There are 2 protein chains.
Amino acid sequence: MNTATKEKKTTPKKSKMDFQSFVSRIENMILTGKFKPRERLIEAALSEMFGVSRYTVRDAFKVLETKGLVTVTPFRGVVVSELSQQEVEEIFVIRAALEQVALRLSAQNSTAVDIKVLRKMVKKFEDAHRDDDFVVMVAADTNFHDYAFQMSRNKTLRRMINDLRNRCHIIRYSAWSSPTILEQVMEEHRLIVDAIEARDVAALNKLSERHISHGKEAYLLRLKAENALLR
Amino acid sequence: MNTATKEKKTTPKKSKMDFQSFVSRIENMILTGKFKPRERLIEAALSEMFGVSRYTVRDAFKVLETKGLVTVTPFRGVVVSELSQQEVEEIFVIRAALEQVALRLSAQNSTAVDIKVLRKMVKKFEDAHRDDDFVVMVAADTNFHDYAFQMSRNKTLRRMINDLRNRCHIIRYSAWSSPTILEQVMEEHRLIVDAIEARDVAALNKLSERHISHGKEAYLLRLKAENALLR
DNA sequence: GACATCAATATTGTTAACAAATTACCCGGC
DNA sequence: GCCGGGTAATTTGTTAACAATATTGATGTC
């Protein structure tokens, strides 16, 4: 059998970038703070930078707009979204509700393997914390939560939660400023895994609520600090 | 100077349709069943029909795609989304969580005026029911819920709920098939308003759960009937 | 008659050129 | 020095032509 047909599907052709991965790249640049809130994104520049057509860039903007990451104003282009405190509050209320449901479902569906994977991910976070590697920590945190939400076996829910989390992504304002918060986060991760293992819904609800509340505080704190600097 | 500059902002020019209203028109045609699930939407046809450019049509498709109303496949165009039973189940789980939160917030924020408005809306539904006017009933139902969610004063939440509700819009499969369900719906509406007025969160949670559960049953029933017909 | 192959058609994807709007800049007046 | 007006440059919005892909239909073979 010749391999050409098989390869066609597996290799997405380096010469022409996949639209979805192009969107992801811009998304990542926003999440990692390469593009900062209020910064204007210019079609021609991005088109040049990534070697795609202006048209593709516009399409990507539309997607990012509905995800809430950029704001489009007719004839004035797009800027990286900046969340008001009001919006942050709104989003965290929603996240609290959705993540509680997700963890409840995950607890119901959890297997021994899942628990092992989660514990491994918690450890990865802790290792990164020991090494003081902020970037790895953020990745580990994201992976931990995403795995936990994936366990809910509700794809729609998982995607909605991830979109909301991205809108208040940690690195965008480099939250987690204080070391105390970090210790709390790690402790809460451990407890969440325990509660999932025990399928203890009541405990999960409380933990989830608290965990998100801490996330919100850290985020708002950082947001205020940034704003104070800018004005 | 001439008055054109002032008018420019207030009158959106009838000759050129606003992008947002164009999207809404397609959206409505999907929701009201003018475009049916699995039906293919052709750029050129819509472009011709509404007198807008193909480009605008494509943009609209992108928006509708992220709202979950259409599905885009490269080089194969877009079709009106058809939800699998799995997806419907997923969506209703999420709706239950979000609508509970929304109603809880609404109860906290409710004023005497709000209650009056809600009661009026319930009555409008009941009147339409007496007149056997299905279309008005759907509109009244939508308005009732939207007003209740608006009262939560959480715009993000309100929009998310509305998007989810649209994905399982009543008319798309003409749910509410049985008269018994309709009686239940009306009774629940009355009870929900009462609970909001009394700010009785526990009651609201139960009512909300039940109301959505009924909605889900009606929808799934109709979905199955449609599928049985098609296959 | 069913199936595969290939051409014709229809539809989507991409690009480039052009129009419209905004922004930036310069200049004169006060 | 600062404000207003107007022009130039930048950037976005639109259109139309062209390329790539999928779908359809016809043809021929078994």
Side-chain angles (χ1 to χ4, degrees), chain A residues 2 4-5 7-26 30 35-36 38-66 69-81, chain B residues 1-26 29-30 35-36 38-66 69-81:
Chain A
N2 89 19
T5 53
E7 278 183 326
K8 197 178 76 174
K9 208 160 189 191
T10 51
T11 52
K13 268 186 198 167
K14 206 182 150 191
S15 61
K16 202 171 205 173
M17 193 174 355
D18 181 12
F19 175 70
Q20 201 47 248
S21 58
F22 171 62
V23 173
S24 297
R25 280 182 73 177
I26 300 187
I30 294 174
F35 293 137
K36 297 196 171 57
R38 276 277 151 219
E39 182 172 345
R40 188 172 174 188
L41 299 182
I42 286 156
E43 288 181 4
L46 285 168
S47 163
E48 181 95 5
M49 186 186 303
F50 290 101
V52 300
S53 74
R54 239 185 76 197
Y55 178 85
T56 309
V57 177
R58 286 175 68 78
D59 267 8
F61 283 165
K62 269 263 153 46
V63 174
L64 293 174
E65 184 187 20
T66 57
L69 288 176
V70 303
T71 310
V72 179
T73 326
F75 287 106
R76 296 180 67 178
V78 327
V79 295
V80 178
S81 295
Chain B
M1 236 205 187
N2 70 18
T3 58
T5 52
K6 217 196 291 180
E7 280 182 325
K8 197 178 73 178
K9 207 157 190 195
T10 51
T11 51
K13 266 184 197 168
K14 206 179 151 189
S15 62
K16 201 171 207 174
M17 192 173 359
D18 181 12
F19 175 72
Q20 202 47 250
S21 58
F22 171 62
V23 174
S24 296
R25 281 182 74 177
I26 300 186
M29 291 180 81
I30 294 175
F35 293 137
K36 295 195 174 57
R38 275 278 152 220
E39 181 172 347
R40 188 173 175 188
L41 299 182
I42 286 156
E43 289 181 3
L46 285 169
S47 162
E48 182 96 5
M49 185 186 303
F50 291 101
V52 299
S53 73
R54 240 186 77 199
Y55 177 84
T56 309
V57 177
R58 287 175 66 78
D59 265 9
F61 284 165
K62 269 265 152 46
V63 174
L64 293 173
E65 184 188 21
T66 57
L69 288 176
V70 303
T71 309
V72 180
T73 325
F75 288 104
R76 297 181 66 180
V78 328
V79 296
V80 178
S81 296

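By convention in this document, chain letters (A, B, ...) are assigned in the order of the sequence lines, proteins followed by strands, and residues within each chain are numbered from 1. No hydrogens, no waters, no symmetry mates; every other heavy atom, side chains included, goes into these values. Only a predicted model underlies this, so the values are computations on that prediction, with no experimental measurement involved.
To the nearest 0.5 Å, atom CZ of residue A:F61 and atom CZ of residue A:R54 are 10.5 Å apart. With values rounded to the nearest 0.5 angstrom, B:T71 atom OG1 is found 12.0 Å from B:R76 atom CZ.
Taking only side-chain nitrogens and oxygens, B:S53 never comes nearer than 4.0 Å to OP1 or OP2 of D:dT14.
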For A:E65 and A:V78, run side-chain contact (heavy atoms from CB on, under 4.5 Å): C-alpha distance rounded to whole Å, both residues' side-chain angles, the deciding distance at 0.1 Å, then the answer.
CA-CA 9 Å; A:E65 184 187 20; A:V78 327; over 6 Å; no

A:K36 vs A:V80, side-chain contact (heavy atoms from CB on, under 4.5 Å): CA-CA, chis, key distance, verdict:
CA-CA 6 Å; A:K36 297 196 171 57; A:V80 178; over 6 Å; no

Could you go through the side-chain contact (heavy atoms from CB on, under 4.5 Å) check for B:D59 and B:V63 one step at a time?
CA-CA 7 Å; B:D59 265 9; B:V63 174; 5.9 Å; no

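Comparing B:V78 and A:R40 by the nucleotide of DNA chain C that holds the closest heavy atom to each, the one mapping nearer the 5' end is B:V78.
Taking atom CZ of residue B:R76 and atom P of nucleotide C:dT12, one finds them 12 Å apart after rounding to whole Å. Rounded to a whole Å, the CZ atom of B:F19 is 14 Å from the C1' atom of D:dT14. For the pair B:E43 CD and D:dA20 C1', the interatomic distance rounds to 14 Å; values are reported in whole Å. The CD atom of B:E48 sits 15 Å away from the C1' atom of D:dT15 (whole-angstrom rounding). A:F22 places its CZ atom 12 Å from the P atom of C:dT14, with the value rounded to the nearest Å. As rounded to whole Å, 19 Å separates atom C1' of D:dT14 from atom CZ of B:F50. Here the P atom of nucleotide C:dG13 and the CD atom of B:E65 are 10 Å apart, to the nearest Å.
Contacts between residues 55-63 of chain A and DNA chain D, counted as heavy-atom distances below 4.0 Å, involve A:R58.
In the set C:dT22, C:dT11, C:dT14, the nucleotide with an atom closest to the side chain of B:R54 is C:dT14. The side chain of B:F75 sits closest to C:dT12 out of C:dT12, D:dT11, D:dG13.
Contact check for A:F35 versus A:V70: no side-chain heavy atoms found under the 4.5 Å cut-off.
A donor atom on one side chain and an acceptor atom on the other are found under 3.5 Å apart for B:T56 and B:S53.
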